[in-house]
Amino acid sequence: MSRLADSLARLFGRVEIFARGADDDRRGAEEALGRGHHLEARDHARALLVRVPRSPLGLALWADAAEGCWLDHEVVEALSQLVAEVPWRHDAWLRLGLAGLKAGWAHARMALERAAGAVDDPAIARRALLALADVDIHAGELGRARRWLERVPSHPSQPDPALALRRAECAIAEGEVE
C-alpha cells in the first residue's frame, strides 16, 4: 500500500504548513520516511502537528512513521484524527481499520465498513470486505462473512484465490466438506 502522506500531499497544498513555519518538519519527515528512518520521521511529523494542528498531511506523515515503528496504537490515534478531517477518504478508513485490528481497537470494524463503501475504488473496497470476512470467519459468524464475500468485487472469468480461500473456510467451518 502506498504511503498515505504521498496521496494526501497531492490533495492538500503545503501552503498552510509553509505559512506556519513547519515546512522544514514536513520535508524532514518525508526525507526520513524515504530513508526508512521512521523514528526520526515520527519526531518531525509530531513537531509539524504542534505548529499546524489537525493538518491532514501532518497526520498522514505521523501515521506512516508510526506504522514503520510498529506503534499500532499511535497509528490508530493519528488515523482517527485524520478521518475526522477527511472523512471522504476511503483509503484512510481502510488503513485505520487494518491498524485497529492489529491494535485491538474497538471501532476497527466500523472503519472497515466505511472503507468497504468505496465504490470509486474497488481495490480499497475489496481489501476492506476481505478483512471484514476474515474477522467474521474467525469469530464464527459465517453467515455475515459470506455476505461480505458476496460483495467482494471480482471478475467471474478470472481466478480469485483470496476469495475462493475464504469461501472454502466458510464451507469447511459449516461442515460442507465437498
Pair Glu176 + Arg146, salt bridge at N-O below 4.0 Å: yes

In Å and rounded to the nearest 0.5 Å, what is the CZ to CD distance from Arg46 to Glu74? 5.0 Å

Interatomic distance, Gln158 atom CD to His155 atom NE2 [nearest 0.5 angstrom]: 6.5 Å

Please answer whether the main-chain N or O of Ala65 pairs with a side-chain N or O of Arg42 as donor and acceptor at a distance below 3.5 Å. no

Would a 4.5 Å heavy-atom cut-off, applied to side chains only, mark Leu48 and Asp24 as touching? no

Can you tell me how far the CG atom of Leu33 sits from the CD atom of Glu30, to the nearest 0.5 Å? 8.0 Å

In the single-linkage hydrophobic clustering (I, L, V, M, F, W, Y; side-chain heavy atoms under 4.5 Å), do Val119 and Ile124 co-cluster? no

Kindly say whether Ala162 contributes a backbone atom to a donor-acceptor pair with the side chain of Arg166 at under 3.5 angstrom? yes

Hey, are the side chains of His90 and Asp121 touching, using non-hydrogen atoms and a 4.5 Å cut-off? no

Please answer: with hydrophobic residues joined when any side-chain heavy atoms are less than 4.5 Å apart, are Ile137 and Val152 in the same cluster? no

Give me the atom names and distance for the closest heavy-atom approach of Ala145 to Ala133. CB-O, 3.8 Å

Any side-chain heavy-atom pair of Leu101 and Asp134 under 4.5 Å: no

Gap between atom CZ of Arg127 and atom CZ of Arg95 - 0.5 Å precision: 9.5 Å

If every non-hydrogen atom of Gly58 is compared with every non-hydrogen atom of Ala45, which pair is closest and at what distance? O-CB, 4.0 Å

same_hphob_cluster(Leu59, Trp88) at 4.5 Å side-chain heavy-atom cutoff: yes

Going by heavy atoms in the side chains, are Leu71 and Glu77 under 4.5 Å from each other? no

Might you point out which heavy atoms bring Ala115 and Ala128 nearest each other, and give the distance in Å? CB-CB, 3.7 Å

On a heavy-atom basis, which atom in Leu49 and which in Arg54 lie closest, and how many Å separate them? CD2-N, 4.2 Å

Taking a hydrophobic cluster as the set of Ile, Leu, Val, Met, Phe, Trp and Tyr residues connected by side-chain heavy atoms closer than 4.5 Å, whether directly or through intermediates, do Val76 and Val86 fall within one such cluster? yes

To the nearest 0.5 Å, what is the distance between CG (Leu142) and CD (Glu174)? 4.5 Å

Linking I/L/V/M/F/W/Y whenever any side-chain heavy atoms sit under 4.5 Å apart, do Val83 and Met110 land together? yes

The side-chain contact (heavy atoms from CB on, under 4.5 Å) partner of Trp148 among Leu130, Leu129, Val135 is Leu129

Inter-residue atom distance Leu98.CG - Trp105.CH2, 0.5 Å rounding: 11.5 Å

With Cys170, which of Leu165, Asp136, Leu149 fulfils side-chain contact (heavy atoms from CB on, under 4.5 Å)? Leu149

Give the intermediate values and the outcome of side chain to side chain contact (heavy atoms under 4.5 Å, CB included) for residues Leu132 and Arg151. CA-CA 11 Å; Leu132 286 163; Arg151 291 180 48 196; over 6 Å; no

All heavy atoms of His44 vs all of Ala29, minimum pair found to be CB-N, 3.5 Å

Verify, without hydrogens or angle tests, whether Arg114 (side chain) and Pro87 (backbone) share a donor-acceptor contact under 3.5 angstrom. yes

